[in-house]
Amino acid sequence: MAVERLLVPLSDTVTVRQTVGYAVQSGLERADSLECHLVVALPYDDAVPESARQREDADDLLSRARNWVEEDAGDADVTIETATLGADEYLFGPRDYAEIFDDYAAAQGIDRVVLDPEYQPGVTARILQPLERELDRIGLAYDEAPVERSTRRGRLTGSEDFDRLFATFMVSYGFYLVLGDPTYWFDLVTGAAVAGIVAVSLARVTFSVPLDRVQSPIRVVRFALYIPYLLWEIVKANIAVSAVILRPSMPIEPTLTQVDSRVRSGLPLTALANSITLTPGTLTVRATDQRLLVHTLIPAAREDLFDGGLEKAIRFVFYGRESAAIPSPRERDDAEIVGGDEL
Amino acid sequence: MIEPTPLQVTLETVRFWAIVVLLGLGVFFTLVSTVGVLRLPDIYARAHTASQTDTLGAGFALAGVALAFGWQHAAVYTVLLLFFVFITNPTAAHAIARSAAETGVEPVLAEEGETDESAADTEGETR
Amino acid sequence: MTPASLEDVFLVAAGLFVVLAIAMFYRAVVGPTTQDRLLAVNVLGTNTVVILALLAAGLDQRWFLDVALIYALLNFLMSVAISKFTVERGGVL
Amino acid sequence: MADYDDTYTESQVIMTAVKIIAPFTLTYGLFMTFHGGDAPGGGFQGGTIVGVTVLMLAFAFGIEPTRQWLRNSFITGIVTGGVVIFGAIGLGMIALGGEFLEFYKLKAVFDIKPKWGLEAVEIGGISLIVSGVIISLFFTMAAGFTPDRRSGTGGASGVDIDDAPDAANAEVSDDD
């Protein structure tokens with residue numbers, strides 16, 4: 001008697017209920033007995049303050065999903081397993097997710113993965129397309145649940161699109177009026193036209209991640225607070241580096257270091273990498289996912305990097321004050337000096 | 001022609017010397033950066049000091065320009081220029097360093113001693 | 001009272017920046033790697049932006065600032081384009 | 001080390017930086033286009049910056065996705081639209097009894113400053129032509145460099161043929 005083992009990664013989306021339903025139904029069509037593994041992948045590890053809330057949400061989602069499976073299964077022979085994955089590591093890109101699913105699948109003898117088309121783990125944007133590619137690469141069989149979502153989705157992206165268009169329009173119009181003369185009618189009219197063109201053509205490019213009406217303005221304010229701090233760091237680092245360069249013996253000590261940062265991809269990572277490059281003495285050579293390869297010129301700059309001041313500041317900008325209080329890269333053992341081979 | 005009040009004269013003098021100091025600092029940090037680019041052993045180390053021109057060299061000089069324009073439209077323009085430089089230059093430095101890493105330019109590292117320098121240079125010649 | 005006019009200060013500063021930019025040419029010519037040259041040219045570009053801004057103040061020509069802004073943009077584009085090109089020669093571009 | 005795939009060709013640091021500055025450069029390019037009469041700039045410079053914005057996006061996101069985002073027909077449309085507007089304004093002046101592109105007739109007939117005629121040519125004609133030509137030249141060159149796209153360049157080369165007279169046209173218009 002065949003047993004079908006299914007892995008269903010869950011996230012809190014509109015279509016998660018239908019996905020679970022499809023998983024149970026399709027599993028029972030293929031075999032008499034079904035073993036349904038419901039898992040939630042946690043994006044954060046324990047070192048990060050957000051992880052406690054994520055874990056609560058995950059447990060809540062799992063218990064709901066367990067009820068759904070029991071409801072759909074009826075009298076059929078269905079075993080339910082639930083798990084939370086990735087609690088001990090910081091999951092970053094689709095590749096990380098694909099790998100933990102693969103590990104779990106190998107350990108439990110999973111036959112097939114049923115994916116929610118809207119799968120959206122934790123805080124990151126929708127990653128399904130790249131996740132499928134990574135699963136293909138690993139060679140794990142998956143199946144996308146056929147779900148109905150058109151109506152809901154249209155409304156949702158409608159409001160998101162408006163936010164993006166509006167934000168791009170305002171940025172562009174503001175910039176235009178700064179360039180031109182805000183009291184001249186010609187500039188006011190052409191500015192509106194130009195901002196319209198820019199908003200329509202670039203809104204989806206610039207704001208590839210949906211905006212949050214509450215959080216996004218707060219982030220802008222916090223970013224403004226971050227600028228003086230960054231400038232102060234730059235001045236300090238400049239003086240230190242200048243002192244080294246102008247000394248005739250030039251006591252530099254170049255090292256390559258690898259730092260696993262705890263910021264998300266996209267804007268936070270770019271802000272961190274550019275801040276690191278902007279402070280003389282540290283230079284981001286490579287940024288693959290959250291792993292930064294940083295070249296440091298003098299020991300003082302390396303110590304600053306390992307103390308993670310900039311990282312905490314970036315976390316403050318994007319995730320708020322509570323999130324800024326994380327252990328430094330040195331304390332959580334994410335910073336190491338590597339040789340030239342790592343390039 | 002109205003005779004300027006003593007306060008105005010003092011303010012002008014202060015502004016003048018503030019501009020001189022800002023420009024002097026800008027020139028100084030650019031000088032350090034130039035010396036660094038000429039002296040330092042490899043591309044990665046040079047990129048560090050190049051960012052000094054981008055940050056404080058350009059920063060102080062443009063601050064001096066903005067101060068000279070005072071409360072005018074052009075001052076806003078200068079700040080905008082500075083902001084633009086601050087966003088683009090680290091990205092450019094990262095792009096250059098990354099391209100060096102991708103093409104296999106070996107960094108000179110402290111642990112491996114100075115003998116590596118000549119090796120890295122000769123390897124670079126072939127490109 | 002001030003010992004010199006503000007315009008002269010800006011012109012002198014611009015001259016100093018030009019001298020430093022010429023010194024930077026050494027690295028642009030000598031290399032040894034493509035990236036070294038690219039970096040030197042990038043720094044030269046930043047210097048040019050600053051010189052243009054200083055001249056804008058010194059000669060009171062506002063529109064030099066427009067040129068400086070464009071120059072900064074092209075400088076960025078050049079660095080990204082060439083560094084991409086050196087990596088993927090014959091690839092994407 | 002890095003295995004490039006077609007949609008993710010650059011370091012995401014560069015990609016995000018380009019995303020941030022793209023709206024600003026596009027706005028600036030259009031600003032220059034609109035301020036040709038009384039400030040440095042004009043259709044040529046503005047059009048070039050608009051074109052450069054697209055090139056920048058292409059560097060960061062990869063050329064193929066950008067080409068899909070900006071369809072060939074769209075670029076051809078921009079260029080031909082520019083030529084049509086340019087020609088229409090120029091011939092319109094003849095219709096008003098003047099020479100080709102003689103804006104003083106505007107003053108005589110409609111009581112509009114001749115400056116606005118020049119503005120209209122700069123905005124409607126030249127900027128569209130220049131930006132379209134820059135973008136299509138870039139895509140044409142890029143298509144030539146990619147080995148596996150040799151057969152699929154029909155659309156791009158079609159644009160290229162269209163461009164030749166436009167470029168000549170644009171150069172002529174520099175004189176006025």
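Note that the structure is a prediction, hence the values are computed from the model and not measured. Below, chain A is the first sequence line, B the second, and so on; all start at residue 1.
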Just verifying a value: how many Å separate [X] [atom1] and [Y] [atom2], rounded to the nearest 0.5 Å?
| X | Y | atom1 | atom2 | result |
| --- | --- | --- | --- | --- |
| Phe64(C) | Leu55(C) | CZ | CG | 6.0 Å |
| Ile51(C) | Leu11(C) | CD1 | CG | 12.0 Å |
| Arg39(B) | Thr34(B) | CZ | OG1 | 13.5 Å |
| Thr55(B) | Phe29(B) | OG1 | CZ | 8.0 Å |

Original post:
Does a side-chain heavy-atom distance below 4.5 Å link Asn75(C) with Thr88(B)?
Top reply: no
Subject >> Side-chain touch Ser83(C)/Leu38(C), heavy atoms, less than 4.5 angstrom >> reply: yes
Check whether [X] gets within reach of chain C through its side chain, its backbone, both or neither, counting any heavy atom under 4.5 Å.
| X | result |
| --- | --- |
| Leu40(B) | backbone |
| Ile19(B) | side chain |
| Leu62(B) | side chain |

Original post:
Using a heavy-atom distance cut-off of less than 4.5 Å, which residues of residues 15-22 of chain C contact chain B?
Top reply: Leu16(C), Phe17(C), Leu20(C)
Original post:
Highest number of heavy-atom pairs under 4.5 Å with chain C: which of Thr10(B), Leu38(B), Val85(B)?
Top reply: Leu38(B)
**OP:** Apply side-chain contact (heavy atoms from CB on, under 4.5 Å) to Gln52(B) and Thr49(B), showing your working.
**Re:** CA-CA 5 Å; Gln52(B) 287 188 289; Thr49(B) 176; 3.1 Å; yes
**OP:** Please look at Leu73(C) and chain B and tell me whether the side chain, the backbone, both or neither of the residue comes under 4.5 angstrom of a heavy atom of that chain.
**Re:** both
**OP:** Measure from the side-chain N and O atoms of Arg46(B) to the backbone N and O of Gly36(B), and report whether any donor-acceptor pair falls under 3.5 Å.
**Re:** no
**OP:** Identify which of Asp60(C), Leu39(C), Val50(C) forms the greatest number of heavy-atom pairs closer than 4.5 Å to chain B.
**Re:** Leu39(C)
**OP:** For each of Leu65(C), Val43(C), Asn47(C), tally heavy-atom pairs with chain B at distances under 4.5 Å, and name the one with the top tally.
**Re:** Leu65(C)
Original post:
Will you find, in the side chains of Asp36(C) and Thr33(C), an N or O donor that is under 3.5 Å from an N or O acceptor?
Top reply: yes
